[in-house]
2 protein chains.
Amino acid sequence: MKTSVRSRRDEKASSPTVLEVAKVAGVSVSTVSRILNGTARVSEAKRQAVEDAIAALDFEPNALAQSLKRGRSMTVGVLTQDVSSSYFTETLKGVEHALTDTGYAPLIASGHWNAEEEAHRVRLLIARRVDGIIILSGNLTSAQITQYSGQVPVVATGHRIEAPKAWAIELDNERGGVMATRHLLDLGHRRIAHIRGPEEHADAEQRFAGYRRALEEAGVQYDERLVVPGDFYETSGVLGVAELLARGAPFTAIFAANDQMAYGVRLALSRQGIRVPDDISLIGFDDLPGSLYTTPPLTTVRQPLFDMGRIAAGNLLRIIDGDPPEPFAPEVELVVRETTRRLR
Amino acid sequence: MKTSVRSRRDEKASSPTVLEVAKVAGVSVSTVSRILNGTARVSEAKRQAVEDAIAALDFEPNALAQSLKRGRSMTVGVLTQDVSSSYFTETLKGVEHALTDTGYAPLIASGHWNAEEEAHRVRLLIARRVDGIIILSGNLTSAQITQYSGQVPVVATGHRIEAPKAWAIELDNERGGVMATRHLLDLGHRRIAHIRGPEEHADAEQRFAGYRRALEEAGVQYDERLVVPGDFYETSGVLGVAELLARGAPFTAIFAANDQMAYGVRLALSRQGIRVPDDISLIGFDDLPGSLYTTPPLTTVRQPLFDMGRIAAGNLLRIIDGDPPEPFAPEVELVVRETTRRLR
DNA sequence: CTGTTAGCGCGTTCAT
DNA sequence: ATGAACGCGCTAACAG
């Protein structure tokens with residue numbers, strides 16, 4: 001038995017290629033390719049031979065080579081800020097849902113709320129030739145995002161963008177802020193405290209603006225002693241309560257700019273023996289999954305994160321395919337649960 | 001002025017290539033490549049010219065082409081089950097941490113606790129020629145994982161694996177189960193209920209085994225009426241409490257097989273007007289970030305998820321580089337907070 | 001219907 | 001020190 005044509009076979013255990021499949025099946029590489037992609041008719045006999053060879057070699061086409069050749073990587077970059085925050089993972093779940101069975105895979109990168117790092121991550125995504133990028137919140141400016149869209153299709157949340165290959169999804173955060181505050185007002189509260197989000201963060205500023213507007217519309221005097229800073233994480237919720245208590249200005253309700261801070265508030269309050277909602281009413285913002293399971297369940301302003309992720313990804317694919325994005329206006333919604341009650 | 005050699009330039013706005021950089025800089029492609037990779041000395045003049053050209057064209061090397069050529073994609077696949085569960089995102093955070101500044105990027109895939117889908121996702125990762133795979137929990141068998149390791153380096157959590165290009169990180173779940181139960185026992189509890197995780201899930205089974213062993217060691221009779229099924233999600237925690245109450249067998253404490261179910265338990269209990277820990281003590285398993293902010297904060301058995309992710313990724317890179325993985329034995333740890341108290 | 005061949009963008013001998 | 005040429009694995013004309 002003469003040594004056959006094979007050269008490097010078990011040298012490096014490298015994966016088989018179309019060429020090897022072709023040889024084993026006794027056909028040319030193009031025939032293999034045709035069968036792989038169903039791009040042209042092939043005789044039944046050869047099809048069978050090729051499929052047998054593929055199975056025998058356990059062949060799996062090299063997606064890298066395919067991408068290089070086709071000019072599409074079938075990958076979309078997703079820029080998040082914090083992979084361990086429900087705010088992002090809920091949206092990510094929507095993205096993942098929309099990508100399922102499309103052949104696209106998400107390549108995720110974290111910017112850690114740092115504009116410089118975010119820009120760096122985006123460059124890396126572009127270097128990897130992702131077919132599009134989804135930017136979930138963060139500190140990049142709309143101008144920067146618009147510029148990126150010159151190189152690759154982009155969709156973003158929390159921005160308003162006008163560009164050919166870009167699309168953004170904007171939530172009316174101010175309206176949400178108004179809803180939260182008005183809910184408290186409707187319940188008879190007049191001394192309403194607010195724990196703000198980071199000042200550089202547009203969403204946070206808008207929610208705060210909504211708070212002020214609702215107060216004003218209700219003819220309630222704005223008291224700056226009732227407003228404390230926060231950073232959107234639980235800790236600042238507990239710190240906020242401490243600060244509020246230290247200031248001594250009375251209040252009967254708290255509007256936290258997001259759910260995570262509300263969790264911190266809840267804990268700090270209970271530490272002080274202050275009951276929710278009996279002594280103090282509490283409302284958050286976002287409606288993270290966990291808010292259903294706090295005790296008592298948290299009243300909040302819902303943001304349809306999953307759908308936002310789903311639509312963002314869906315529209316990115318449309319843009320990539322040259323189709324126009326479908327319009328979508330996410331609605332904030334008041335979700336009344338059990339942390340707020342009428343002032344007696 | 002004669003039309004120069006350029007053909008497609010502004011036709012498709014496709015990104016510039018080394019060839020274009022070379023032309024602009026008046027050198028050959030190899031020189032450009034050398035400068036890009038610092039793979040050989042180049043005269044200062046040409047280096048400058050090339051760098052200028054790169055800047056002028058806003059050139060970014062095509063990572064796809066580099067990968068194809070080098071035979072390394074600088075990508076590691078991460079198989080998770082549920083991107084929106086803290087259990088996974090905490091681990092993912094550790095993975096991300098370890099990958100930062102290594103040039104590797106994580107390509108994440110979700111198996112949704114379904115062995116068939118998991119296997120499918122792994123195939124896709126392999127097709128994309130990831131340099132290694134991290135498998136976080138799931139329903140794949142150790143045998144399957146061992147087999148994958150023949151094609152690509154693999155590290156997994158929740159398995160015991162012996163293979164050249166594989167490594168696994170195993171937590172002593174039974175010991176954790178014993179710790180949780182014994183803690184309750186030490187507090188004087190004798191009627192301890194348990195909400196189990198899914199039966200197919202090894203971790204869940206081991207925690208349950210630990211529960212039984214601790215009981216036995218303490219000479220407490222095992223009562224099957226005190227054990228109810230669960231699926232690791234919050235809902236089954238509330239269902240579990242309902243079932244327990246319906247069965248009528250008295251109990252003074254509950255050990256939930258994971259924190260998420262404990263959250264559900266906490267809610268169900270409060271709905272029934274049952275106080276924690278005054279009336280019933282509650283302990284979970286995992287120590288998810290949220291457990292610090294439940295009211296009161298949850299007593300639980302800590303699993304070092306972040307470190308497990310960090311070490312898993314670190315060792316995967318070592319295996320890829322041909323280095324031996326560093327040994328690591330994650331320790332479960334009892335974290336006593338405020339949902340458990342001595343039986344009076 | 002099928003095979004041959006030319007790239008996709010880059011890294012890397014091999015000469016010079 | 002530098003350039004020419006080949007090939008990574010695959011798809012897509014272009015002949016037959």
Side-chain angles (χ1 to χ4, degrees), chain A residues 7-9 11-50 53-54 57-74 103 126-131, chain B residues 7-9 11-50 53-54 57-74 103 126-131:
Chain A
S7 48
R8 57 128 174 44
R9 161 48 70 69
E11 289 178 16
K12 305 222 58 172
S14 68
S15 8
T17 71
V18 279
L19 180 60
E20 311 196 32
V21 172
K23 285 197 171 129
V24 171
V27 301
S28 76
V29 291
S30 29
T31 299
V32 176
S33 177
R34 284 180 187 114
I35 293 180
L36 247 28
N37 306 295
T39 184
R41 285 194 54 79
V42 176
S43 77
E44 193 49 42
K46 304 213 168 187
R47 140 162 289 112
Q48 199 47 252
V50 169
I54 288 178
L57 295 172
D58 195 21
F59 168 79
E60 191 80 55
N62 185 327
L64 255 29
Q66 293 182 146
S67 296
L68 181 60
K69 179 65 199 177
R70 294 178 173 146
R72 305 186 113 197
S73 62
M74 297 308 281
I126 291 178
R128 282 173 182 266
R129 298 298 188 268
V130 294
D131 297 328
Chain B
S7 48
R8 56 125 176 47
R9 160 48 72 65
E11 290 178 16
K12 306 221 54 172
S14 68
S15 5
T17 72
V18 278
L19 180 61
E20 313 195 32
V21 172
K23 287 202 170 123
V24 170
V27 301
S28 76
V29 292
S30 16
T31 298
V32 176
S33 178
R34 285 180 185 112
I35 293 181
L36 247 28
N37 306 294
T39 184
R41 286 195 54 78
V42 176
S43 77
E44 193 49 43
K46 304 213 169 190
R47 139 161 289 111
Q48 198 49 252
V50 169
I54 288 178
L57 294 173
D58 194 22
F59 169 79
E60 190 80 56
N62 185 327
L64 254 30
Q66 292 183 148
S67 296
L68 181 60
K69 181 65 197 175
R70 293 176 173 148
R72 303 186 116 199
S73 62
M74 297 308 281
I126 291 178
R128 283 174 181 264
R129 296 301 188 267
V130 294
D131 298 329

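Model, not experiment: these values are computed from the prediction.
- Rounded to whole Å, atom C1' of C:dT13 lies 15 Å from atom CG of B:Asn37.
- The phosphate of C:dC8 (OP1 or OP2) has no side-chain N or O of B:Thr17 nearer than 4.0 angstrom.
- The distance between atom CE of A:Met74 and atom C1' of D:dT11, rounded to the nearest whole Å, is 15 Å.
- For A:Ser28, a side-chain nitrogen or oxygen approaches OP1 or OP2 of C:dG3 to under 4.0 Å.
- Minimum heavy-atom separation, B:Arg129 to A:Pro61: NH1-O, 3.8 Å.
- With rounding to whole Å, B:Asn62 atom CG is found 9 Å from C:dC8 atom C1'.
- Heavy-atom minimum distance, B:Arg47 versus B:Val42: NH1-O, 3.9 Å.
- Distance CG (A:Leu36) to C1' (D:dG9): 12 Å, rounded to an integer number of Å.
- A straight line from CD of B:Glu60 to P of C:dG9 spans 15 Å, rounded to a whole angstrom.
- Between A:Glu44 and A:Val29, the residue anchored nearer the 5' end of DNA chain C, judged by the nucleotide with its closest heavy atom, is A:Glu44.
- Per the geometry, CG belonging to A:Leu19 stands 14 Å off C1' belonging to C:dT5, to the nearest Å.
- For A:Lys69, whose side chain is taken as the heavy atoms from C-beta onward, the closest listed nucleotide among C:dG11, C:dT2, D:dG9 is D:dG9.
- At a threshold of 4.0 angstrom between heavy atoms, the contacts of B:Ser30 include nucleobase atoms, whether or not backbone atoms are also involved.
- One finds no side-chain N or O of A:Ser67 lying less than 4.0 angstrom from the OP1 or OP2 phosphate oxygen of D:dC10.
- Going from atom CG of A:Leu68 over to atom P of C:dA6 covers 18 Å, rounded to whole Å.
- Side-chain proximity of B:Thr31 to D:dT2, C:dC10, D:dT11: nearest is D:dT2.
- For the residue pair B:Leu36 and B:Phe59, the shortest heavy atom distance occurs at CD2-CE2, 3.8 Å.
- Residue B:Ser33 is classed as a base contact, given a heavy-atom separation below 4.0 Å to a base.
- Closest approach to the A:Val27 side chain among C:dC10, C:dG11, C:dG3 is made by C:dG3 (side chain taken as heavy atoms from C-beta onward).
- Counting to the nearest Å, the C1' atom of D:dG9 and the CZ atom of A:Arg72 are 20 Å from each other.
- Between B:Gln66 and the phosphate of C:dG9, there is no side-chain N or O to OP1/OP2 separation shorter than 4.0 Å.
- Between B:Ser28 and B:Ala22, the closest heavy-atom pair is C-CB, 3.7 Å.
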Apply side chain to side chain contact (heavy atoms under 4.5 Å, CB included) to the pair A:Val32 and A:Val27, showing each step before the final yes or no.
CA-CA 7 Å; A:Val32 176; A:Val27 301; 3.9 Å; yes
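- Mapping B:Lys46 and B:Arg70 onto DNA chain D via the closest heavy atom, the residue that lands nearer the 5' end is B:Lys46.
- Base engagement by A:Arg34 is indicated by at least one non-hydrogen atom pair under 4.0 Å involving a base atom.
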